[in-house]
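Input: a single structure, listed below in structure tokens.
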Amino acid sequence: MSGDLIECESGLLPIGSAVLCLDLVEAVFQQALATRSLFKRREVLLPDYEPDCILHRDEELRAFAQILAPALRGDRILNAMLFGLPGTGKTVVARYVLRRFASVARAQDRSVRVLYVNCRVEGSEYKVLVAMCRGLGVDVPSTGLAKAELYARLFRAVDARGGAVIAVLDEVDAVYRPGESQLLYLLTRMNESTRRGKLSLTIISNSVTFKELMDARERSALFEEEILFHPYTFEQLYDILKHRAELAFRESVVPEETLRYCAAIAAKEHGDARRALHLLRVAGELADRAGAPQVTPQHVDAAIAAVDRQVVRSALASLPIHAKLVLLAVARLCYQRGSDPTSGEVFAYYARLCRERGLRPRNERTFRSIVANLDLYGLVTARLESRGRYGRTRRIHALVTPEEVEAALCSER
DNA sequence: CTTCCACCGGAAGTACCGGTAA
DNA sequence: TTACCGGTACTTCCGGTGGAAG
């Protein structure tokens, strides 16, 4: 190796394009040094930040604290359900109350163990059980065991340590389909077979349909308490943004109108505080990079576009190869003729694309599932249409350009 | 009124993968 | 080594179905 770049620090001249390159990078660093960031504590706006004070959720905080409180006296606590739309404060309330609960319990020397598991992060029922076991200090293999064995080990762990275990399963709808799995049933019935230890369960769900899907008998038998989280109103979102902005940004870099604008956008989208904070953060980053003195509503508009683009790009990138090819077929057909192709036409085109690449096309049924998934991800819209004598089909419309799909396809290999 | 097209989408089964236990 | 585990991707099979044409 030549080591030109390292040597240049000690006085030797770098060769050729390295000079240019060095100046370019140097300029970025120098600018960063010369201008002050608009941020004071950027992490305050990140989704996993746990605030010290939670605004506009007094009812919910009190209700959840009341559910947990009996455990401090050694009594059994009731199983609970927290539900509401995304960004309505469920997770933040639950984690806050759990944190405070744990510290009080520790001070009182109570033998209470708190487990918090995010089911979406874990990804499957099996992995949720693994996380629970490990949370209780039992090492279990991350795969390979029968579920029944895992339940048995969890039972034993709860019983062996005695006292109460409070388990909170966040985003439970990610791994639990009512009727398909016995997860919640088995966990809530665990107390009947343990003698010393007691397990209490709190589940958190984003999905409103989840509650309806779970049949009423099951629900009332398993969960004695329910807390509903309503969407934040415009005023509440504004307060939250104002509070966080004061912590996150230097003084007077975020004008009132920017906060109001962010709040208004999030209020329109079912009062999602997470979305509002995300927009504010990205707007701040864009303003920072542009060297602007303030974060303006124009930066928020740019943030919306940037976030949307990013969502599309990462959704595209994570698609399996056949989904990308189906999407490319839809995008090309839409683009070429300016109208939406039918399901049959797209399948024929997709099959051709596969053969061109030496791939075996998936069959028609799988193809329909792929289209249904693309629809779910918001990359296409597929509406059912009846053409009478000429049958029924789906009209599939691409929401991305052929170029975007081709770019994603290129990175495939 | 019936027929019949061009699909739809649920159910069940198969194959495979990365892993464990004995 | 063998038998088995859960999860995922895919296939096979097949009973629907809205509405223009006849």
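Worth knowing before you read on, the calculation uses all heavy atoms, side chains too, and leaves out hydrogens, waters and symmetry mates. Nothing here was measured: the structure is a model prediction, and the numbers come from that model. First the proteins, then the strands, lettered A, B, ... as listed; each starts at 1.
Taking every side-chain heavy atom of A:Arg389 into account, B:dC5 is the closest of B:dC5, B:dG10, B:dG19.
For B:dC8, neither phosphate oxygen OP1 nor OP2 lies less than 4.0 angstrom from any side-chain nitrogen or oxygen of A:Arg392. The side chain of A:Arg368 places no N or O atom within less than 4.0 Å of a non-bridging phosphate oxygen (OP1 or OP2) of B:dG10.
Following rounding to the nearest Å, A:Tyr390 (OH) and B:dC8 (C1') show an atom-to-atom distance of 21 Å. As rounded to whole Å, 17 Å separates atom P of B:dG19 from atom CG of A:Leu150. Put simply, CG on A:Asn363 is 15 Å from P on B:dG9, counting in whole angstrom units. Look at CG on A:Asp139: it is 11 Å from P on B:dT20, rounded to the nearest Å. Computed from coordinates, the A:Phe367 CZ to B:dC7 C1' distance equals 11 Å when rounded to whole Å. In this structure, CD of A:Glu385 is placed 12 Å from P of B:dC8, rounded to the nearest angstrom.
The local environment of OH in A:Tyr49 is crowded, with over 12 non-hydrogen atoms from other residues, nucleotides or ligands closer than 6.0 Å.
A salt bridge links A:Glu285 and A:Arg42; the closest N-O separation between the charged side-chain nitrogens and carboxylate oxygens is under 4.0 Å. In summary, A:Glu171 and A:Arg120 engage in a salt bridge, as defined by a charged side-chain N under 4.0 Å from a carboxylate O. By the 4.0 Å N-to-carboxylate-O rule, A:Glu235 lies too far from A:Lys242 to be salt-bridged with it. Ion pair A:Glu50/A:Arg99 flagged as a salt bridge, since at least one NZ, NE, NH1 or NH2 atom sits closer than 4.0 Å to an Asp/Glu carboxylate oxygen.
Annotation: cation-pi pair A:Arg362/A:Phe347 absent, no NZ/CZ under 6.0 Å from the ring centroid and within 45° of its normal.
Note on A:Arg395: nothing from the nucleic acid sits closer than 4.0 angstrom, heavy atoms only. The residue A:Thr366 sits close to a base: some heavy atom pair falls under 4.0 Å.
Remark: nothing in residues 341-349 of chain A comes within less than 4.0 Å of DNA chain C through any heavy atom.
Taking the 5' to 3' direction, DNA chain C first and last meets chain A under 4.0 angstrom from a heavy atom at C:dC5 to C:dA21.
Sorted by first and then second residue, the salt bridge (Lys or Arg N to Asp or Glu O under 4.0 Å) pairs with a member in residues 296-318 of chain A form an empty list; sequence neighbours excluded.
Using modelled atom types, one finds a donor on one side chain and an acceptor on the other under 3.5 Å when comparing A:Ser37 with A:Asp288.
Comparing A:Arg394 and A:Arg387 against DNA chain B, the residue whose closest nucleotide sits nearer the 5' end is A:Arg387. Comparing A:Gly391 and A:Arg153 against DNA chain B, the residue whose closest nucleotide sits nearer the 5' end is A:Gly391.
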side-chain hydrogen bond (donor to acceptor under 3.5 Å, both in side chains) evaluation trace for A:Thr91 with A:Arg95: CA-CA 6 Å; A:Thr91 299; A:Arg95 291 190 66 99; over 6 Å; no
